[in-house]
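Indexing begins at 1, ligand by ligand and atom by atom, following the structure's order.
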Amino acid sequence: MIPLKPRADLPTHEVFNTPPHQGDQDLWQDDTALRDGITREGGAWAADKLSAFGCIAGSAATFARADAANRYPPELKAFDRYGMRINEVTFHPAYHDLMALAIAHEVPNFAWRHRQPGAQVAHMGFSYMLNQAEGGVMCPMAMTYAALPVLQLNEGAPAGFVEKVLSDAYDPRDIPWSDKHGVTVGMFMTEKQGGSDVRANTTRAVPETAASGAGAAYRLTGHKFFCSAPMSDAFLMLAYTGNGLSCFFVPRWTEDGKRNAFYIQRLKDKLGNRSNASAEIEFAETRAVMIGEEGRGVRTIIDMVQGTRIYCAVGSAALMRQAVVQALHHTQHRSAFQKRLIDQPLMQNVLADLALESEAALVLWLRLARALDEAPADDAAAALARIGTAIGKYWICKRAPGHVFEAMECHGGPGYVEESILPRLYREAPVNSIWEGSGNVVCLDVLRAMHKEPTAMEALFAELDAARGANATLDHALIRLKGDIASNADIEARARRITEAMAVCWQAALLVRHAPAAVADAFCASRLGEHWTGAYGTLTSGADLDAIIARAMPN
Ligand SMILES: Cc1cc2nc3c(=O)[nH]c(=O)nc-3n(C[C@H](O)[C@H](O)[C@H](O)COP(=O)(O)OP(=O)(O)OC[C@H]3O[C@@H](n4cnc5c(N)ncnc54)[C@H](O)[C@@H]3O)c2cc1C
């Protein structure tokens, strides 16, 4: 029996065998696989900043703020005391603190402020660490990050706006963007009658003057059904002109210093992601400027969607990493049947399996981030980023809810109560899979890339084939995958199977090339072996559980 000191004397009994509070975490130093991966994929030059941020994002104070921001969710203040529409959403002070912390550390714009190889890799490193503490503020971070290329590449954004996106100042004031020190951007596509199928949009855009097309002023009338971060300073929004679905820049305040004409109807009462407001909004003659080519709105906004999709993958990977950290902490300090939980063979299998899934998610988003870094100068990297983002978004996000649940179960009852972070992680886990392209839609996007962009498959298989010969199970899986995609029969119905196989093979290939043998071997034997059901704690005998757990253990 581990000697455990009593922690308090109560009138009825001594309290012992309870884990200590976790306190501050160092999300950088504690995470060997993250540090190795950032270096490998080209982000080592940002290590000092990442290291400093790891302590800030992982501090008990940041986690406490995240708890408060979610416990006291935003409220809609549609009207002021005199009945005037103000469309304000008020937040707990902790939310503003987290927004300020994120923006001060360049979480929404690091890659755009430091344009050099490895910038996307480092950028996603910041996102990964903060996401472990809090997912809600990551929504405006993701949209702001993803909006910037759209605003820069397409005609129409007002002069001076992009500079404010690049600011490291959080300015929560509800005033015109031109008077602010820094801005955030939202994205409104989904309508009541259709979210995946944005062509079902009914919002109409009418030119204000004889001028039309990119850069021209329009008035928008219609509605949007899911509008996250509605206090953002501007939104990219889809609406129909007579020439098709087009993309618009909608400022919160108009240039003449008036509140733009839109009406927040209510805030969603959400399962998770509660610190972040998501609204239903009516638009009536709302002032807007067209961004990009008329009738090509989906093409214009798709770059933003791609950007937010990688955030989803990173976000879900972050939830899994924090779930592993929590499970390791608890099981190290809790005993049952005269042995620490972490020393019980079956618990070791569960913990090691959770650690494998977490590291597999990590290596995949890191590789994707490098592809994003290389994409502007390398067509193969661009093709890999395109198909890879859909693959990673699907699989990493799909694995998170079950993973977090299993980490919760490692805690027994205390994992199920709100003082623990596990319920919040658990509630947060499904959203990344639902928004920015739900599972099926993303898998159909993989098929689209397969069929319409042949270089995407070449780039993917170049990546997979680089690991050939190192692990027989992986080699067999690659042959199976090639067979699966050779036939077009039932291809749409098989899109999930195909995407999953691509994702798992890719994770395995990356682990084989870059992770310790204990991790790579166990992953291939489990995920690519014959009897894998997806349940955790089912690693095959021979897996080096101690080595896998030691690698995941915070230092
Ligand atoms: C918390 C939250 C915040 C959000 N914030 C925003 C926001 O800020 N801006 C915004 O624009 N949207 C936002 N959304 C909306 C989100 O992007 C949509 O809910 C999502 O795109 C799905 O659209 P839908 O809800 O209309 O579902 P549907 O499009 O009706 O889809 C329902 C299901 O059908 C599946 N499906 C769709 N088409 C096919 C097909 N061809 N074959 C097989 N299956 C299919 C989908 O994968 C999904 O599982 C938010 C959603 C949530 C939950």
Side-chain angles (χ1 to χ4, degrees), residues 70 73-74 89 134-147 150 184-203 220 222-239 245 247-248 250 252 262 264-281 283 297-298 300-309 311-312 315-316 390 393-395 397-398 400-401 424 427-448 490-499:
N70 282 276
V89 179
E134 181 0 47
V137 297
M138 298 314 292
C139 172
M141 296 304 111
M143 292 195 290
T144 304
Y145 157 82
V150 177
T184 55
V185 187
M187 169 172 64
F188 300 163
M189 299 192 295
T190 307
E191 299 189 2
K192 286 170 194 157
Q193 68 282 358
S196 309
D197 183 7
V198 290
R199 293 195 184 275
N201 277 193
T202 60
T203 301
L220 312 185
H223 80 279
K224 294 289 164 182
F225 192 42
F226 273 94
C227 305
S228 291
M231 291 304 286
S232 300
D233 299 284
F235 314 96
L236 292 189
M237 180 166 151
L238 293 178
L245 200 54
C247 182
F248 294 89
V250 182
R252 199 176 160 75
F262 60 79
I264 301 184
Q265 302 295 95
R266 61 172 175 161
L267 299 185
K268 305 280 194 188
D269 185 6
K270 296 181 291 184
L271 167 69
N273 198 255
R274 290 178 69 80
S275 62
N276 175 37
S278 300
E280 296 172 17
I281 305 184
F283 298 84
V298 175
T300 304
I301 212 163
I302 203 73
D303 288 339
M304 184 166 180
V305 174
Q306 279 286 98
T308 54
R309 281 183 181 175
Y311 257 79
C312 292
S316 288
K393 197 299 191 174
Y394 173 68
W395 188 241
C397 299
K398 190 60 71 191
R424 185 157 63 79
R427 283 195 296 269
E428 193 64 32
V431 75
N432 286 323
S433 194
I434 292 176
W435 62 15
E436 310 304 343
S438 307
N440 290 354
V441 169
V442 176
C443 291
L444 295 174
D445 203 32
V446 171
L447 293 191
R448 207 167 299 123
D490 293 337
I491 189 97
E492 201 170 313
R494 289 189 294 120
R496 280 192 183 220
R497 279 185 76 95
I498 289 172
T499 307

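- Taking OG from Ser275 and CZ from Arg424, the interatomic distance works out to 8.0 Å, rounded to the nearest 0.5 Å.
- Every residue meeting the ring pair (Phe, Tyr, Trp, His ring centres under 6.0 Å) condition with Tyr145, not counting sequence neighbours, appears here in chain and number order: Trp112, His123, Tyr311.
- Note that OG1 of Thr499 is 11.0 Å distant from CZ of Arg494, once rounded to the nearest 0.5 Å.
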Sub-3.5 Å pairs, protein N or O with ligand 1 N or O:
unit_1, atom_1, unit_2, atom_2, d
ligand 1, 5 (N), Ser228, OG, 2.8
ligand 1, 8 (O), Met187, O, 3.4
ligand 1, 8 (O), Ser228, N, 2.8
ligand 1, 9 (N), Met187, O, 2.7
ligand 1, 9 (N), Phe226, O, 2.9
ligand 1, 11 (O), Met189, N, 2.8
ligand 1, 11 (O), Thr190, N, 2.9
ligand 1, 11 (O), Thr190, OG1, 3.1
ligand 1, 12 (N), Thr190, OG1, 2.7
ligand 1, 12 (N), Phe226, O, 3.4
ligand 1, 23 (O), Ser196, N, 3.3
ligand 1, 26 (O), Gly195, N, 2.7
ligand 1, 29 (O), Ser196, N, 3.0
ligand 1, 29 (O), Ser196, OG, 2.6
ligand 1, 44 (N), Asn440, ND2, 3.0

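- Distance check, rounded to the nearest 0.5 Å: CE of Met141 to CG of Asn276 gives 9.5 Å.
- In this structure Phe248 satisfies the ring pair (Phe, Tyr, Trp, His ring centres under 6.0 Å) test together with Tyr218, sequence neighbours excluded.
- In terms of the side-chain contact (heavy atoms from CB on, under 4.5 Å) criterion, residue partners of Ile302 (sequence neighbours excluded) are, by chain and number, Arg299, Val305.
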